[in-house]
Amino acid sequence: MNDTPPPPPPPPTSPPNNPASNAPQGGLDQEQDRRAKLARLRDEFQIDPYGQRVDGLITLAATRALYDQASDAAAKENAENDHRPVAATAGRVMLHRVMGNLIFMTLRDATGDLQIAVSKKAVGTPTFKIAKLLDLGDIVTASGAVGSTKTGEITLWAREENGLRLACKSLAPPPDKFHGLQDAELRYRKRYVDMFANPDVLATFQMRSRIVAGIRQFLNDRDFLEVETPMLQPIAGGAAARPFVTHHNALDFDLFLRIAPELYLKRLLVGGLPRVFEINRNFRNEGIDRSHNPEFTMLELYQAFGDYHAMMDIAETMIHHLATTIGGSEQLPFVSSDGEREISYALPFRRAKYHDLFAEHNGFASTDREKLLAKAKELRIENADKLDHDVLVNDVWEETVEAHLVQPTFVIDYPASLCPLTKIKADEPAIAERFELFISGMELGNAYTELNDPDVQAANFAQQLDGLDGEADTEEQTFRSADHDFVEALKVGMPPAGGLGVGIDRLVMLLTNQRSIRDVILFPLMRPGNG
RNA sequence: GACCAGGUAGCUCAGUCGGUAGAGCAGCGGCCUUUUAAGCCGCGGGUCCUGGGUUCGAGUCCCAGCCUGGUCACCA
């Protein structure tokens, strides 16, 4: 932007070392030690400790890949015969070993680690002094020959005055070089430290990115169009959850952060886009635990003239594809609270009916009211006899069935009363054409044959709101209101369709074997800290 | 929201029965041209989460609070 170097910043708050007087001075504070070095680099070595543009750098992995055994051996045999490949690279200093007139350091970038050797003879005294002054955490560029050491470790041997240059001084001492950053609170609050201190963390987020890219590619290949629909919604529809509330000042009305994009995506089917998807954040103002973060990433897709079976095909094909291409296998380990288990993503995924699973895991049919009430008592479900039958069945179902659904399972054919946005089966009016996908006891996905009859939809909305009269608190009523415009859209006419939602964070957890959703979200929600 | 565990040096962690606060790494000074968690010698570094209380004396015991993790509950 500007060729002239910036003026030196104001001096540190406490007096830096005077370079002239080499009075030994105990490091009272590591940041102060580093600030003193910063001052020396500027005053004594006349360099900008915050670097500038550098072209032609390659990654540490690419540098390592240049290694050539023959030229390395030849150069070791005879220094005059040095045809080793040359590279310029950059990284953060993770280890720094000074041995008199030779320094080894380990650099790290997003592609891995690489050892750099800086010898006084090869780079000259000024550069060597700077290399000696480096701290763990500093970012440097290095250039020279790609060779190896006596023990065979591939090493970039810095050459010439520019063989090693400081690109950015780090003023904050990094975590323990061996144990990394362990404190869970610090890991989440200072993710930028966690990422370079713990290579597995970086790898997980790189995988997350590839998974999301893989999903986009998969859907683009099938002619789905990616769209973006409102996150600020006047009515929080499409799911049942407590929304975050906000306010538009200029227009002076309350808005909700969306709990789902569903009702907007279906409007696009009405408008004439036959295949749409959206990958974006939903917000739900509820509890936080290993599988819930208040903001989370959801894939929703809609396919005109599809149904929930078409959605099963897409879901299992897509997840199988991601497991094999990005996870690297059809069988992937997953650590849950019950220990590590192998999850098989082999096709096809199991399909099991909701009511059959109920009977399988409870030993009686969900229609048996008497046994159901007894079971509810055993599970200490409050006011069981006052609950709607289907709601009570679902409460018991969640308690008794979910945890057993370890291998990928499509639970199909839900009670219609629980599915206000779903088309019911033509020959079974009590059953909705819906599935939920469970893996390792977690709900991964949810799909329906979409309800496109505006009169039935209007009736379902009305019934939902009726159910809130009486017991529901008034706060809840403020965000539970029927989306009349959505009904208007259905009146215009929405083609029959299938729709699918997949929780991306949970999918990433499974494919990267992370036990907490916080380990797959870069900056999970935390209470404000003291810093 | 309930219960359990934790919060000690920059980081990772010890700290016994209540009796002057410890180690490794990191840092500072010194030696060292094939180390690799380099090594050796020397040195400095603490709001023991916060606030009360008990006690001659509290990192340690008691009470309250804050933050984190876990389990459960809440979440159609």
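Quick note: numbers below take in every heavy atom, side chains included, and nothing from hydrogens, waters or symmetry partners. Since this is a predicted model, take the numbers as computed values, not measurements. All chains are named by letter (A, B, ...) in the order of the sequence lines, taking the proteins before the strands, and each is independently numbered beginning at 1.
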In Watson-Crick or G-U wobble terms, both distances under 3.5 Å, what is the partner of [N]?
N: B/A37; answer: none
N: B/G22; answer: B/C13
N: B/C61; answer: B/G53
N: B/G42; answer: B/C28
N: B/C72; answer: B/G1

Practice task
Please tell me if the side chains of A/His404 and A/His361 come closer than 4.5 Å, counting only heavy atoms from C-beta onward.
Solution key: yes
Practice task
Using a 4.5 Å cut-off on heavy atoms from C-beta on, say whether the side chain of A/Arg84 contacts that of A/Asp68.
Solution key: no
Looking at every strand, decide which applies to [X] at a 4.0 Å heavy-atom threshold: base, sugar-phosphate, or nothing.
X: A/Met105; result: nothing
X: A/Asn394; result: sugar-phosphate
X: A/Thr149; result: base

Practice task
Identify, with sequence neighbours excluded, every residue that meets salt bridge (charged side-chain N to carboxylate O under 4.0 Å, His left out) alongside A/Glu300.
Solution key: none
Exercise for the section: Could you pull out all residues at least two apart from A/Arg281 that satisfy salt bridge (charged side-chain N to carboxylate O under 4.0 Å, His left out)? Expected result: A/Glu295
Quantified in whole Å, what is the [atom1] atom distance between nucleotide [N] and nucleotide [M]?
N: B/G45; M: B/G22; atom1: P; value: 12 Å
N: B/C4; M: B/C11; atom1: P; value: 28 Å
N: B/G53; M: B/C41; atom1: P; value: 47 Å
N: B/A64; M: B/U47; atom1: P; value: 27 Å
N: B/U54; M: B/C62; atom1: C1'; value: 7 Å
N: B/A38; M: B/C28; atom1: P; value: 15 Å
N: B/A9; M: B/C48; atom1: P; value: 10 Å
N: B/C49; M: B/U16; atom1: P; value: 14 Å

Return the polar atom pairs (N/O with N/O) between nucleotides 11-14 of chain B and the protein under 3.5 Å, or none.
residue	atom	partner	partner atom	Å
B/C11	O2'	A/Asp176	N	2.7
B/C11	O2'	A/Gly180	O	3.4
B/C11	O2	A/Asp176	OD2	3.3
B/U12	OP1	A/Gln182	N	3.0
B/U12	OP1	A/Asp183	N	2.8

Tell me which nucleotide among [options] gets nearest to the side chain of [X].
X: A/His292; options: B/C75, B/U35, B/G10; value: B/C75
X: A/Asp289; options: B/C74, B/U34, B/G27; value: B/C74
X: A/Lys150; options: B/U33, B/C75, B/U35; value: B/U35
X: A/Glu399; options: B/G27, B/A73, B/A38; value: B/A73

If the cut-off is 4.0 Å, is [X] near the phosphate of [N], judged by side-chain N/O to OP1 or OP2?
X: A/Arg242; N: B/C75; value: no
X: A/Arg97; N: B/U35; value: no
X: A/Arg189; N: B/U68; value: yes

Problem - ring-ring contact (aromatic ring centres under 6.0 Å, His included) pairs, two or more places apart, involving residues 375-397 of chain A - result: A/Tyr354-A/Trp397, A/Trp397-A/Phe438
Fill in the blank from the handout: Comparing A/Lys37 with A/Arg518, nearest RNA chain B nucleotide closer to 5' gives the residue A/Lys37
Problem - Along RNA chain B (nearest heavy atom to each residue), the more 5'-positioned of A/Arg527 and A/Ser516 - result: A/Arg527
With sequence neighbours excluded, give me every salt bridge (Lys or Arg N to Asp or Glu O under 4.0 Å) pair touching [range].
range: residues 388-406 of chain A; result: none
range: residues 105-125 of chain A; result: A/Arg108-A/Asp113
range: residues 165-175 of chain A; result: A/Asp135-A/Lys169, A/Asp138-A/Lys169

Using atom [atom1] of [X] as one end and atom [atom2] of [N] as the other, report the distance to the nearest whole Å.
X: A/Arg34; N: B/G27; atom1: CZ; atom2: C1'; value: 9 Å
X: A/His96; N: B/A26; atom1: NE2; atom2: C1'; value: 13 Å
X: A/Leu134; N: B/A26; atom1: CG; atom2: C1'; value: 15 Å
X: A/Asp395; N: B/C74; atom1: CG; atom2: P; value: 8 Å
X: A/Ile381; N: B/C75; atom1: CD1; atom2: P; value: 11 Å
X: A/Asn446; N: B/C75; atom1: CG; atom2: C1'; value: 15 Å
X: A/Leu136; N: B/G27; atom1: CG; atom2: P; value: 5 Å
X: A/Glu286; N: B/A73; atom1: CD; atom2: C1'; value: 13 Å

Exercise for the section: Under the side-chain hydrogen bond (donor to acceptor under 3.5 Å, both in side chains) rule, collect the residues that match up with A/Glu428, sequence neighbours excluded. Expected result: none
Problem - Of residues 152-161 of chain A, the positions that come close to RNA chain B - non-hydrogen atoms, cut-off under 4.0 Å - result: A/Glu153, A/Trp157
Problem - Residue A/Glu77 excluded, over 12 heavy atoms near CD under 6.0 Å - result: no
Handout entry: Within 6.0 Å of NZ in A/Lys76, more than 12 heavy atoms from elsewhere
Key = yes
Fill in the blank from the handout: Residues A/Phe486 and A/Gln457: closest non-hydrogen pair is CE2-OE1, 3.7 Å
